[in-house]
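Working notes, beginning with the structure itself.
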There are 2 protein chains.
Amino acid sequence: MTTNEHLAGLLRGVELRVTQPRLAVLAAVHELPHADTDAILDASRARLGQVSHQAVYDVLRALTAAGLVRRIQPSGSVARYESRVGDNHHHVVCRSCGAIADVDCAVGEIPCLTASEDHGFTIDEAEVVYWGTCPDCKAS
Amino acid sequence: MTTNEHLAGLLRGVELRVTQPRLAVLAAVHELPHADTDAILDASRARLGQVSHQAVYDVLRALTAAGLVRRIQPSGSVARYESRVGDNHHHVVCRSCGAIADVDCAVGEIPCLTASEDHGFTIDEAEVVYWGTCPDCKAS
DNA sequence: CCATGATCTTGAACGAGTCAAGAAGAGGGG
DNA sequence: CCCCTCTTCTTGACTCGTTCAAGATCATGG
């Protein structure tokens, strides 16, 4: 269970002020993994009664910048957010319905992080997206 | 040199009609790797004098569907296109300026394609994006 | 409890991309 | 070689996720 006290603690931990919209958005991201902004907006309103969509956008940006949530955006999809941060995991995305599931990389802690030729870039993260078909879409 | 005859051959090879807009767009993608739609539109107009942006969008979609070009879209970026297809290569993206460079995966021909737990998905492609800082941005 | 600066509300705007209807053109059949 | 048909291109409007801006509200330190 993610209590408000717990969530408030997370916010204080990254020196963000504790506000109702932030608690609601944070709770929504925790209980709806890979939700898009609109779903998070709905969930937040269900909790508070009224929040502006702008506030949700602002909060999501602040939480992302603080590292409390992670923003993911596969090609052709709107932005989605998840609360699982800090570990090294990736995503499988369904080509036909857009469903997303978490995947731990099989190749070790830091997968593919060493590119064969980095063109002088300083690489700090390797993001992997697996494309395929989800069980539901395979059935039809 | 990518001549019009060569490009026309590519189009016929995938059973697409050979039209001026298609030749221009295909040439633009070949000479401007990782260009966005707007840059491709400009390059196409430089070649033909006049093309509608809608035609460029349509052509890019047709070429992508036919497998002649590949669409890439790192988070927070607009769609970009490249003519290098069919091989297994990935991209480094600069966090501050958005520059993109090609990278061959170091881990073998099919990198990370075996996810540890696929949640029942049928995976057909693994896309890797390396995030970092390009040489130019490191300098400033 | 107050002051101050961060955060939220409201409402407008932006821009990449898509939709729709009709004109133009590619390519096969006569 | 020309015409017919179906695809493709033009024009112009529009959608939708996201951002901008100005003023009101509220969390937090003193």
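Fair warning: this is a prediction, and the values are worked out from it, not measured in the lab.
Here the closest heavy-atom approach between residue A:Ile100 and residue A:Pro74 is recorded as CD1-CG, 4.1 Å.
Taking 4.0 angstrom as the limit, B:Thr37 places none of its side-chain polar atoms (N or O) nearer than this to OP1 or OP2 of C:dA16. Neither OP1 nor OP2 of D:dT7 sits under 4.0 Å from any side-chain N or O of B:Thr19. For B:Arg22, a side-chain nitrogen or oxygen approaches OP1 or OP2 of D:dT8 to under 4.0 Å.
A salt bridge links A:Asp104 to A:Arg84: at least one charged side-chain nitrogen sits closer than 4.0 Å to a carboxylate oxygen. Residues A:Arg70 and A:Glu127 are not paired through a salt bridge, judged by the lack of any N-O separation under 4.0 Å between the basic side chain and the carboxylate. A salt bridge links A:Glu125 with B:Arg95: the closest approach of a Lys/Arg side-chain nitrogen to an acidic carboxylate oxygen falls below 4.0 angstrom.
The distance between atom CG of A:Leu23 and atom C1' of D:dA27, rounded to the nearest whole Å, is 12 Å. Residue B:Leu41 contributes atom CG, which lies 14 Å from atom C1' of D:dT11 at whole-angstrom precision. Distance B:Ile40 CD1 to C:dG17 C1': 14 Å, rounded to the nearest Å. What separates CD of A:Glu15 from P of C:dG5 is a distance of 18 Å, to the nearest Å. Atom CZ of B:Arg71 is separated from atom C1' of C:dT18 by 12 Å (rounded to the nearest Å). The nearest whole Å value for the distance from the CG atom in B:Leu11 to the P atom in D:dT7 is 17 Å. In this structure, CZ of B:Arg17 is placed 12 Å from C1' of C:dA24, rounded to the nearest angstrom. When rounded to the nearest whole Å, the span between CZ of B:Arg61 and P of D:dT8 equals 12 Å.
Using a 4.0 Å heavy-atom cutoff across all strands shown, B:Ala79 reaches sugar-phosphate atoms only and no base atom.
Counting only heavy atoms from C-beta outward, the side chains of B:Ile72 and B:His34 approach each other to under 4.5 Å.
A:Arg22 pairs with exactly one of A:Asp58, A:Leu10, A:Val59, A:Val56 by the side chain to side chain contact (heavy atoms under 4.5 Å, CB included) rule, that one being A:Val59.
Legend: residues meeting ring-ring contact (aromatic ring centres under 6.0 Å, His included) with A:His119, ordered by chain and number and at least two apart, are absent.
Residues of residues 45-58 of chain A having a heavy atom closer than 4.0 Å to DNA chain D, listed by number: A:His53, A:Gln54, A:Tyr57.
Across the interface with DNA chain C, nearest-nucleotide mapping of A:Val59 and B:Arg12 shows A:Val59 to be the residue nearer the 5′ end.
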